[in-house]
Amino acid sequence: MIEGVSRPHQLIFGRRLLERMLLVCERAGVRQFFIVASAAERAALSESVGAFRGCVNVHLVGAISEVRGELSGDVRCVAIRGNMVMAASHLRRIVASADEYPGKVVEVASGDAAQAGSVAVGALEGLIERAGDAVRIDAIGKLPYALGGRSGSGHEVRDAEMLLARDLRRESAAKDAPLARILDRRLSWRISYLLSHSAITPNQVTIASAALGMLSAWLFAQPRYWPRVLASALFLLSTTLDGVDGELARLKLQESRLGARLDTLTDNVVHVALFAGIMTGCYRASSSSAYLWLLVVLFGGFAACVAAGNRARGLSGDREWFEMLERLTGRDFAYILAGLAIANRIQYFAWGAAFGTYMFAAVLWRHTTRRRSIASEALERDAGAAVNSNGAENRGLVGEIIGLWRDDVTESHR
């Protein structure tokens with residue numbers, strides 16, 4: 001239920017505020033929407049729902065009490081008041097907090113100085129009848145943030161957008177490898193913030209990141225020093241942009257299954273090309289055929305990692321395990337690669353990567369076996385929690401190719 005929206009047309013990262021609120025609720029699991037508005041306001045509000053225009057699950061009502069005619073009093077609902085700016089992750093955390101107070105209404109005031117809005121979770125009857133006895137919990141920093149008045153100022157819109165952009169670093173912390181969290185995200189969220197005010201799409205950023213990665217792979221195949229140093233710098237930039245696409249999708253609320261799969265596919269293709277380029281460069285620099293055989297060994301290691309990774313992702317219902325897997329398969333090795341390129345010791349990376357893939361696959365396989373001993377009830381309880389930053393399960397290169405092929409076949413038969 002949404003009420004008190006006085007600025008439904010206000011653009012936040014290119015989307016009208018009311019449409020954005022509906023999308024946030026949908027991503028947090030809300031399935032029916034009731035917008036409280038007077039008869040005079042309804043025409044204006046109906047134009048602000050964007051993608052929800054004509055949706056049978058969106059209802060305009062004159063008061064919250066009218067929702068009684070549509071839902072029973074014990075149905076759990078979310079009531080949002082004010083011009084609220086937040087992400088789906090914030091709403092999910094508020095809903096999770098309400099689980100600690102069964103039978104109560106839990107309310108969070110907005111983090112702006114005026115506390116001009118709120119989010120409440122509880123049974124419908126409790127939300128309608130609450131009279132100051134709601135359990136109040138603190139906002140998550142300054143989010144959610146409520147824009148005041150009917151016009152307000154440009155400063156508060158910029159403040160709200162900046163808060164959302166900064167919050168991306170905290171959202172990604174659980175699955176980022178250490179250096180990516182400390183270094184990459186400090187730059188990536190700023191790039192995401194700038195791009196969010198442009199027409200550039202997340203998928204375009206994904207393709208740009210992949211293009212830089214492929215150029216890096218080609219430069220690594222050169223036998224000279226400076227091309228390798230430039231290659232390592234380009235790969236570091238590629239890894240940073242690899243985080244931007246997901247951040248941009250969340251800011252613009254443009255997450256998609258296709259975008260998630262494109263990201264996974266390009267990551268894996270770039271990795272294969274990069275390692276092949278490094279081996280080729282080492283062969284050309286030394287004229288030693290050992291690096292050609294080492295390339296064959298490396299591809300065998302990739303196959304072992306794919307097998308171990310697919311087996312590990314079978315435990316994706318275990319959120320803690322999935323987040324650890326994301327950290328282990330992150331791109332922190334880009335910093336090691338840069339250091340070795342500067343020291344002119346890329347051959348160390350070539351040998352380490354070739355045999356390290358087998359070690360990684362073996363360790364992953366062993367730990368997956370241990371995790372399989374976890375009770376199936378615990379896995380089912382958390383089922384569906386392990387999804388990537390774009391809202392789709394990261395299933396590796398082979399899994400994503402099969403998924404895309406199946407989607408194409410399904411589409412052709414419609």
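FYI, side chains are in, hydrogens and waters are out, and symmetry mates aren't considered; it's all heavy atoms of this structure. Bear in mind that the values here come from a model prediction, so they are computed numbers and not experimental data.
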Side-chain ([X]) to main-chain ([Y]) donor-acceptor, under 3.5 angstrom:
{"X": "Glu70", "Y": "Glu66", "value": "no"}
{"X": "Arg15", "Y": "Leu11", "value": "no"}
{"X": "Tyr193", "Y": "Glu161", "value": "no"}
{"X": "Asp263", "Y": "Asp267", "value": "no"}
{"X": "Asn83", "Y": "Leu17", "value": "no"}
{"X": "Tyr145", "Y": "Val85", "value": "no"}

Which atom pair, heavy atoms only, marks the closest approach of [X] to [Y]?
{"X": "Ser198", "Y": "Lys252", "value": "O-NZ, 2.7 Å"}
{"X": "Ala146", "Y": "Gly117", "value": "CB-N, 3.5 Å"}
{"X": "Cys305", "Y": "Thr357", "value": "SG-O, 3.3 Å"}
{"X": "Arg16", "Y": "His9", "value": "NH1-ND1, 3.7 Å"}
{"X": "Leu219", "Y": "Leu234", "value": "CD1-CD1, 3.5 Å"}
{"X": "Ile128", "Y": "Ser65", "value": "CD1-CA, 4.1 Å"}

Is the Phe275 to Phe349 ring centre distance short of 6.0 Å?
-> yes
Which pairs pass ring-ring contact (aromatic ring centres under 6.0 Å, His included) with one or both residues in residues 226-256, sequence neighbours excluded?
->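 The answer is Phe235-Phe333.
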For residues 49-88, the ring-ring contact (aromatic ring centres under 6.0 Å, His included) pairs (sequence neighbours left out) are Phe33-Phe52, Phe34-His59
Using 0.5 Å steps for rounding, measure from the [atom1] atom of [X] to the [atom2] atom of [Y].
{"X": "Ile80", "Y": "Glu3", "atom1": "CD1", "atom2": "CD", "answer": "10.5 Å"}
{"X": "Leu237", "Y": "Ser232", "atom1": "CG", "atom2": "OG", "answer": "11.5 Å"}
{"X": "Arg185", "Y": "Glu247", "atom1": "CZ", "atom2": "CD", "answer": "4.5 Å"}
{"X": "Leu253", "Y": "Glu255", "atom1": "CG", "atom2": "CD", "answer": "5.5 Å"}
{"X": "Arg186", "Y": "Thr240", "atom1": "CZ", "atom2": "OG1", "answer": "13.0 Å"}
{"X": "Ile346", "Y": "Phe220", "atom1": "CD1", "atom2": "CZ", "answer": "4.5 Å"}

Flag the pair [X] and [Y] as a salt bridge only when some basic side-chain nitrogen lies within less than 4.0 angstrom of an acidic carboxylate oxygen.
{"X": "Arg31", "Y": "Glu26", "answer": "no"}
{"X": "Arg68", "Y": "Glu129", "answer": "yes"}
{"X": "Glu107", "Y": "Arg136", "answer": "yes"}
{"X": "Asp167", "Y": "Lys142", "answer": "no"}
{"X": "Glu156", "Y": "Arg7", "answer": "yes"}

Residues that [X] engages under side-chain hydrogen bond (donor to acceptor under 3.5 Å, both in side chains), provided they are two or more places apart:
{"X": "Ser38", "value": "Glu41"}
{"X": "Trp365", "value": "none"}
{"X": "Arg93", "value": "none"}

Does [X] reach the side chain of [Y], with side-chain heavy atoms less than 4.5 Å apart?
{"X": "Cys77", "Y": "Leu71", "answer": "yes"}
{"X": "Arg228", "Y": "Asn344", "answer": "yes"}
{"X": "Leu337", "Y": "Leu236", "answer": "no"}
{"X": "Ile2", "Y": "Val78", "answer": "no"}
{"X": "Ser196", "Y": "Phe13", "answer": "yes"}
{"X": "Leu147", "Y": "Met84", "answer": "no"}
{"X": "Ile64", "Y": "Leu127", "answer": "no"}
{"X": "Ser118", "Y": "Val108", "answer": "no"}

Criterion side chain to side chain contact (heavy atoms under 4.5 Å, CB included) on His90 and Leu143, from CA distance to verdict = CA-CA 8 Å; His90 305 135; Leu143 291 167; 3.4 Å; yes
For the pair Ile336 and Asp332, evaluate side chain to side chain contact (heavy atoms under 4.5 Å, CB included) and give the outcome as yes or no after the intermediate values.
-> CA-CA 7 Å; Ile336 298 174; Asp332 271 9; over 6 Å; no
Taking atom [atom1] as the centre, does [X] end up with more than 12 heavy-atom neighbours from other residues, nucleotides or ligands that are less than 6.0 angstrom away?
{"X": "Asp99", "atom1": "CG", "answer": "yes"}
{"X": "Arg92", "atom1": "CZ", "answer": "yes"}
{"X": "Arg366", "atom1": "CZ", "answer": "no"}

Parallel, tilted or perpendicular: which describes the rings of Phe355 and Trp351, with under 30° parallel and over 60° perpendicular?
-> parallel
May I ask you to check whether Tyr335 and Asp184 show a side-chain donor-acceptor distance below 3.5 Å?
->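 Indeed, the side chains of Tyr335 and Asp184 share at least one donor-acceptor pair under 3.5 Å.
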Name the atoms and distances for all side-chain donor-acceptor pairs under 3.5 Å in residues 202-217, with sequence neighbours left out.
residue	atom	partner	partner atom	Å
Gln204	OE1	Thr201	N	3.0
Thr206	OG1	Pro202	O	3.1
Thr206	OG1	Asp245	OD2	2.7
Ser209	OG	Ser238	O	2.9
Ser209	OG	Ser238	OG	3.3
Ser216	OG	Ala231	O	2.7

